[in-house]
Amino acid sequence: MLPKVYEPKSVENKWIDIWQKEKIFFPKIDKSKKPFTVVIPPPNITGALHMGHALNNTLQDILIRYKRMSGENAYWVVGTDHGGIATQNVLEKILKNEGVKKTDIGREKFLERMWKWYEECGHTILNQLKKLGCSIDFSKENVRFTMDKERAYSVFWAFKELWEKGLIYRGERMINWCPRCYTALSDIEVEYEEEKSKLWHIKYPIDGSDDFIVVATTRPETMLGDTAVAVNPEDKRYKKLIGKFLILPLVGRKIRLIADKKVEMGFGTGAVKVTPAHDPLDMEMGEGHNLEFIKVISDDGKIINSPEKYSGLKVLKAREEIVKDLSEQGYLVKEEPYVHNVGKCYRCDNHIEPMISEQWFVKYKPISENTLNVIKNGEVKFYPERWVKPMLDWLNNIQDWCISRQIWWGHRIPAFYCKKCSGKGLIYNEKGEIVKVSIKNGAKPIISFEKPSSCPDCGGADFVQDPDVLDTWFSSALWPFSVFGWPRKTEELSYFYPTSALVTGYEILYLWVLRMITSGLFHLNRIPFSKVYVHGIVRDKHGQKMSKSKGNVIDPLDMMEKYGTDAMRFSLAIGALGGKDIPFSENSIIGGRNFVNKLYNVSRFIQMNLKEGEKYEAVESKMDLSDKWIISRSSKIIDEYKKLMDNYMLSEALDTVYGFVWDEFCDWYLEISKMYINTELKSHKMGLIIKVFESVIKMLHPFMPFVTEEIYSALKERFENPEKFIVDSKIKKPFHIKDEKAEADMGVLMEIIREIRTVRSEFSFHPTKEIVVVLAGVSEIEKNILDHLSYIKHLSKSAAVIIGSPEKDKTYIKSVVRNYEIYVECDSNIDIEKEKLRIKKEMDEIKISNEKWEKMLSNKDFTEKAPESEVVKIKERVNENNIKISKLEKILSGFER
RNA sequence: GGGCGGUUAGCUCAGCGGUUUAGAGCGUUCGCCUCACACGCGAAAGGCCAGAGGUUCAAAUCCUCUACCGCCCACCA
């Protein structure tokens with residue numbers, strides 16, 4: 001005998017093993033079948049799976065399993081991402097705990113450690129995906145890594161193609177520098193956060209005069225690199241001073257007062273200090289006015305090229321000193337509190353420094369034009385659609401993409417330099433390692449996958465590779481086709497590409513999704529996927545972002561351990577509504593667990609009533625009302641389910657089935673069917689139950705793979721033409737019958753039953769007390785009621801349900817449902833006042849709605865303008881209510897006697 | 001500054017092709033260990049659908065404005 005409560009752990013492990021062993025998810029190229037391909041957003045190998053992964057991969061798995069069960073050749077391509085800065089930071093932290101700095105061990109050794117880390121962590125992540133129930137084939141040959149050999153070649157090839165078309169260049173531009181991670185970042189890798197700071201007003205004396213100009217700044221320390229002050233050309237206050245020279249306080253440098261219409265007259269004092277090397281806007285002005293660029297902040301965030309006093313200080317320390325000195329020397333006019341946005345590194349949260357730097361860039365505008373078009377014309381569809389507009393806006397304002405990173409972990413830029421020919425363009429550290437390359441200063445890159453054999457210029461063979469690595473998103477952007485071996489023309493590539501759908505969170509739409517579309521179009525001239533299912537972020541139950549510092553993190557592994565994987569998947573899936581963020585709590589998983597248990601117990605119920613050797617078959621001639629009703633309902637539910645699933649409304653689909661199973665199938669149909677278990681109708685009833693339940697667990701399998709597989713294996717001999725496993729089965733509609741009459745009739749019966757139950761409950765009948773119910777008041781009671789008195793009897797725990805009139809010498813609790821009067825026999829000492837109140841209350845409610853409707857009916861505008869069917873409907877309702885009112889009145893007057 | 005999303009039961013949210021008495025889950029209350037399930041069953045209480053206008057025979061639902069909350073984008077030093 002199966003235990004009463006479902007025990008997930010052993011069941012889950014069992015099926016994980018079997019599915020892998022049976023190679024069910026192994027990709028097969030089958031040209032007779034339509035492929036449904038999804039590439040996984042490769043998880044970074046930074047550690048363990050978190051709730052975001054759990055959500056993302058649950059949703060993908062639901063889609064994949066659904067498509068597989070819909071007859072498509074579903075293939076979910078798996079792999080992990082090397083994760084550039086994020087992963088390097090993880091190892092750096094580990095090293096720090098060991099008391100080692102990465103510079104101590106050097107690049108080569110460091111990378112050795114990184115690869116070792118990959119071996120361990122990559123494995124962990126894959127195992128966790130397995131635990132999540134992902135229908136992925138985990139054989140080694142099917143697992144990719146963004147930095148494995150094949151992918152490395154894809155990356156090189158992509159770089160080469162862009163380079164050859166002049167779309168990759170190395171140039172000196174304003175970039176975002178993270179002094180902590182010690183690397184450049186692209187614009188989207190900077191997050192802006194509001195910070196309380198100050199606005200300092202500083203006097204800049206005018207050369208050869210006692211007068212001065214006051215500038216306002218949030219970054220006084222950058223004044224060390226000021227090479228101008230700018231005002232708006234229209235600004236009357238400063239017009240005549242334009243072109244004069246100022247003396248830069250603390251430094252003594254002579255700088256020009258320039259006019260530029262980028263300066264806002266209304267802000268601060270209307271005069272801006274210009275630091276071309278450390279501010280994007282200032283850089284533009286610097287270029288426009290031919291100003292000197294003086295870099296005063298070093299890569300490690302310290303002051304350089306400045307008076308002795310400040311050199312070597314960290315930026316914030318320098319700020320303090322400078323403000324102090326300005327104040328002491330009388331240059332500081334005032335400081336006012338000021339709130340403004342500060343850029344922070346998305347990987348380490350430290351302040352980023354804008355600075356001029358020579359880096360590799362991709363010219364993005366020209367290659368992303370096609371992306372704009374395919375989104376605009378719907379070749380790539382977003383679910384929900386509301387993301388389209390932000391995507392287009394972003395593309396319209398796209399900037400060149402800084403792709404070089406000064407870290408060690410990643411794809412090394414495939415550029416080699418002949419040591420002899422590159423001269424001063426190659427910069428080495430004291431150990432003789434290459435640390436920087438400057439094409440500006442003469443470095444000559446040769447783009448190559450491997451070290452070139454000889455220099456085309458001098459014939460020399462002494463090469464050095466560019467020390468930088470590529471932005472991790474560069475390889476991610478190629479993922480949908482690099483996974484299939486591109487640029488090699490593989491069979492996989494031609495069969496599985498373009499992929500079908502992408503499932504991802506909205507936070508990486510710009511960072512990743514748009515870039516994939518762009519590279520797909522650029523390198524293969526085909527979109528990488530046509531559907532993008534965009535989900536939200538898993539938050540805590542109050543809508544707060546989960547974070548370690550807030551202590552509100554829920555660990556999916558704990559949850560799976562505690563409640564089972566299916567339970568967690570259920571709660572994630574049902575919460576993923578409309579692409580919105582998901583408020584998540586342990587409580588919501590409990591709901592999932594309860595549902596898993598419910599399903600499991602249905603299967604127990606079925607199994608308990610099956611006998612070996614007996615046949616169970618639904619027979620059409622034996623169909624009664626409840627059968628017709630459940631068939632009709634289940635037909636509708638399957639249609640609804642498919643429609644929702646096909647439109648990526650997974651949560652709604654799950655909710656639909658959930659409601660059907662629990663409320664209709666279990667609470668009504670199974671309860672009714674219990675009456676027939678010991679009758680000759682058993683075979684018919686059980687047959688029908690099995691059929692409906694089979695379709696239910698199939699619909700639920702994508703959401704809750706383990707429990708449904710377990711149930712399937714327990715019951716499948718009873719199914720028609722069962723497959724070996726539910727994963728491999730097809731969702732089929734067992735019936736194509738929609739019976740509105742049966743649904744309506746059943747509705748009446750349900751109402752009557754509920755009314756009797758309410759009476760029982762309100763008048764405190766013990767649940768086991770059997771009662772006598774009389775149905776009366778209708779001259780000719782419909783046949784369907786007569787036929788199904790047994791339902792009423794059974795579900796309302798009645799000893800007898802009689803059609804007729806109440807007996808005069810007995811006491812009844814009376815109520816009205818539709819046209820029927822219901823008399824529930826009771827002791828004479830029932831609380832009459834309570835009953836009166838009950839009836840009155842009900843009557844009042846009906847009267848109120850009747851008044852409303854009668855008013856509508858007397859309104860000519862309504863009867864003339866509203867559709868005929870509406871008017872008829874209202875009329876019918878009024879009539880029904882009037883009958884009901886008269887019956888209730890009769891009952892009330894009965895009390896007065 | 002621009003854009004997007006939200007404001008419905010104590011909590012988290014559905015409903016927004018216009019028309020019953022506005023739903024669900026959780027929580028609460030009452031009664032039940034009813035032979036699948038107490039991770040359950042039955043019943044109940046609980047809502048001027050953020051506010052103000054407008055369109056309409058009819059508005060939680062469509063339009064406009066306002067308030068508040070949350071995101072995203074933007075070089076206002």
Side-chain angles (χ1 to χ4, degrees), chain A residues 2 4-6 174 192 199 215-219 222 230 262-264 266-275 279-284 338 340-341 354 384 386-387 389-390 393-394 397 506-507 509-510 536-537 541-543 563 567 574-575 577-585 587-588 590-609 651-652 655 658-659 663 666-667 670-671 674 677 754 757-762 764-768 795-797 845-846 848-849 852-853 856 859-867 870-871 873-874 876-877 880-881:
Chain A
L2 294 163
K4 270 163 84 165
V5 172
Y6 176 66
M174 183 64 61
Y192 289 89
L199 192 60
V215 300
T217 181
T218 53
R219 299 209 56 191
T222 61
K262 287 194 258 314
V263 178
E264 199 89 18
F267 185 86
T269 60
V272 195
K273 60 190 271 316
V274 181
T275 322
D279 183 278
L281 184 71
D282 293 4
M283 182 197 74
E284 278 179 45
Y338 189 68
H340 70 312
N341 280 330
R386 93 180 96 92
W387 288 109
K389 198 173 172 299
D393 288 349
W394 195 80
N397 295 307
Y506 60 74
E507 72 275 16
L509 246 21
Y510 307 133
I537 292 168
K541 63 177 159 187
H542 303 295
Y563 300 106
I574 204 141
L577 228 146
K580 288 196 281 198
D581 287 351
I582 300 166
F584 198 73
S585 66
N587 235 343
S588 68
I590 291 174
R593 181 210 48 190
N594 294 354
F595 185 51
V596 169
N597 192 240
K598 188 80 184 174
L599 283 179
Y600 175 74
N601 270 291
V602 174
S603 70
R604 277 182 73 226
F605 170 76
I606 293 172
Q607 214 172 24
M608 283 167 75
N609 288 298
S651 166
E652 291 88 337
D655 194 50
Y658 173 84
D663 301 337
C666 291
D667 290 347
L670 287 186
E671 289 308 320
K674 281 177 183 172
I677 279 172
R754 279 199 204 97
R757 284 170 171 175
T758 303
V759 167
R760 292 188 65 117
S761 179
E762 278 187 7
S764 307
F765 286 56
H766 193 273
T768 55
L795 295 180
S796 67
K797 287 264 156 44
E845 271 169 20
I846 299 166
I848 287 167
S849 47
K852 203 171 89 188
W853 291 331
M856 276 168 81
N859 184 345
K860 258 194 196 144
D861 285 329
F862 173 69
T863 48
E864 279 164 19
K865 290 180 191 168
E870 284 302 321
V871 179
K873 214 157 64 185
I874 299 284
E876 275 170 8
R877 273 178 211 150
E880 270 173 36
N881 271 354

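Computed from a prediction, not measured in an experiment: that's the story for all the values here. In what follows, every chain begins at residue 1, and chains take the letters A, B, ... in the order their sequences are listed.
Between D581(A) atom CG and C71(B) atom P there is a gap of 9 Å when expressed in whole angstrom units. Rounded to whole Å, the distance from OH on Y192(A) to C1' on C76(B) is 13 Å. What separates CD of E652(A) from P of G15(B) is a distance of 7 Å, to the nearest Å. U21(B) atom P lies 12 Å from atom CD of E880(A), rounded to whole Å. D655(A) places its CG atom 12 Å from the C1' atom of G15(B), with the value rounded to the nearest Å. When rounded to the nearest whole Å, the span between CG of D663(A) and C1' of G40(B) equals 14 Å. What separates CD1 of I537(A) from P of C72(B) is a distance of 8 Å, to the nearest Å.
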Would N881(A) and W853(A) count as a side-chain contact (heavy atoms from CB on, under 4.5 Å) if you check the C-alpha gap in whole Å, the side-chain angles of each, and the deciding distance to 0.1 Å?
CA-CA 10 Å; N881(A) 271 354; W853(A) 291 331; 3.2 Å; yes

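Minimum atom distance to the side chain of T758(A) is reached by A44(B), of the listed C26(B), A44(B), C13(B). Here the nucleotide nearest the side chain of E762(A), chosen from G42(B), A44(B), G25(B), is A44(B). Comparing A77(B), U19(B), A43(B) by their nearest atom to the side chain of E264(A) picks out A77(B). If you check A77(B), A74(B), C71(B) against the side chain of N341(A), the one that comes closest is A74(B). Here C73(B) is the nucleotide among U20(B), C73(B), C39(B) with the atom lying nearest to any side-chain atom of Y510(A). Checked against A77(B), A43(B), U21(B), the side chain of S761(A) finds its nearest nucleotide in A43(B).
Across all strands shown, W394(A) has no heavy atoms under 4.0 Å from either base or sugar-phosphate atoms. Across all strands, R877(A) comes closer than 4.0 Å to base atoms (heavy-atom distances). Within the 4.0 angstrom heavy-atom criterion, no nucleotide atom of any strand lies near Y563(A). Using a 4.0 Å heavy-atom distance criterion, R760(A) is classed as making no nucleic acid contact. Residue P390(A) is out of contact with every strand shown, counting any heavy-atom pair closer than 4.0 Å. Using a 4.0 Å heavy-atom cutoff across all strands shown, V215(A) reaches no nucleic acid atom at all. Using a 4.0 Å heavy-atom cutoff across all strands shown, Y338(A) reaches sugar-phosphate atoms only and no base atom. Base engagement by P867(A) is indicated by at least one non-hydrogen atom pair under 4.0 Å involving a base atom.
A salt bridge links E870(A) to K873(A): at least one charged side-chain nitrogen sits closer than 4.0 Å to a carboxylate oxygen. Checked for salt-bridge contact, R877(A) and E880(A) miss the test: no charged N lies under 4.0 Å from a carboxylate O.
A side-chain donor-acceptor contact under 3.5 Å links N601(A) to the backbone of N597(A).
Between F267(A) and Y338(A), the two ring planes are perpendicular [angle over 60°; tilted spans 30° to 60°].
Nearest heavy atom pair, residue G536(A) against residue Y506(A), reads CA-CE2, 3.5 Å.
Side-chain to base pairing of R386(A) with C4(B): no donor and acceptor N or O lie closer than 3.5 Å to each other.
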Would you tabulate the pairs of protein nitrogen or oxygen atoms and nucleotide nitrogen or oxygen atoms of nucleotides 33-36 of chain B closer than 3.5 angstrom?
residue: A36(B); atom: O2'; partner: N601(A); partner atom: OD1; Å: 2.4
residue: A36(B); atom: O2'; partner: R604(A); partner atom: NH1; Å: 2.7
residue: A36(B); atom: N7; partner: K674(A); partner atom: NZ; Å: 3.1
residue: A36(B); atom: N6; partner: E671(A); partner atom: OE2; Å: 3.3
residue: A36(B); atom: N3; partner: N601(A); partner atom: O; Å: 3.2

Could you run down the sub-3.5 Å N/O contacts of the protein with nucleotides 58-61 of chain B?
none

Structure string for RNA chain B in dot-bracket form, Watson-Crick and G-U at under 3.5 Å, | interchain:
((((((((.[[[[.).......]]]].(((((.......))))).....(((((.......))))))))))))....

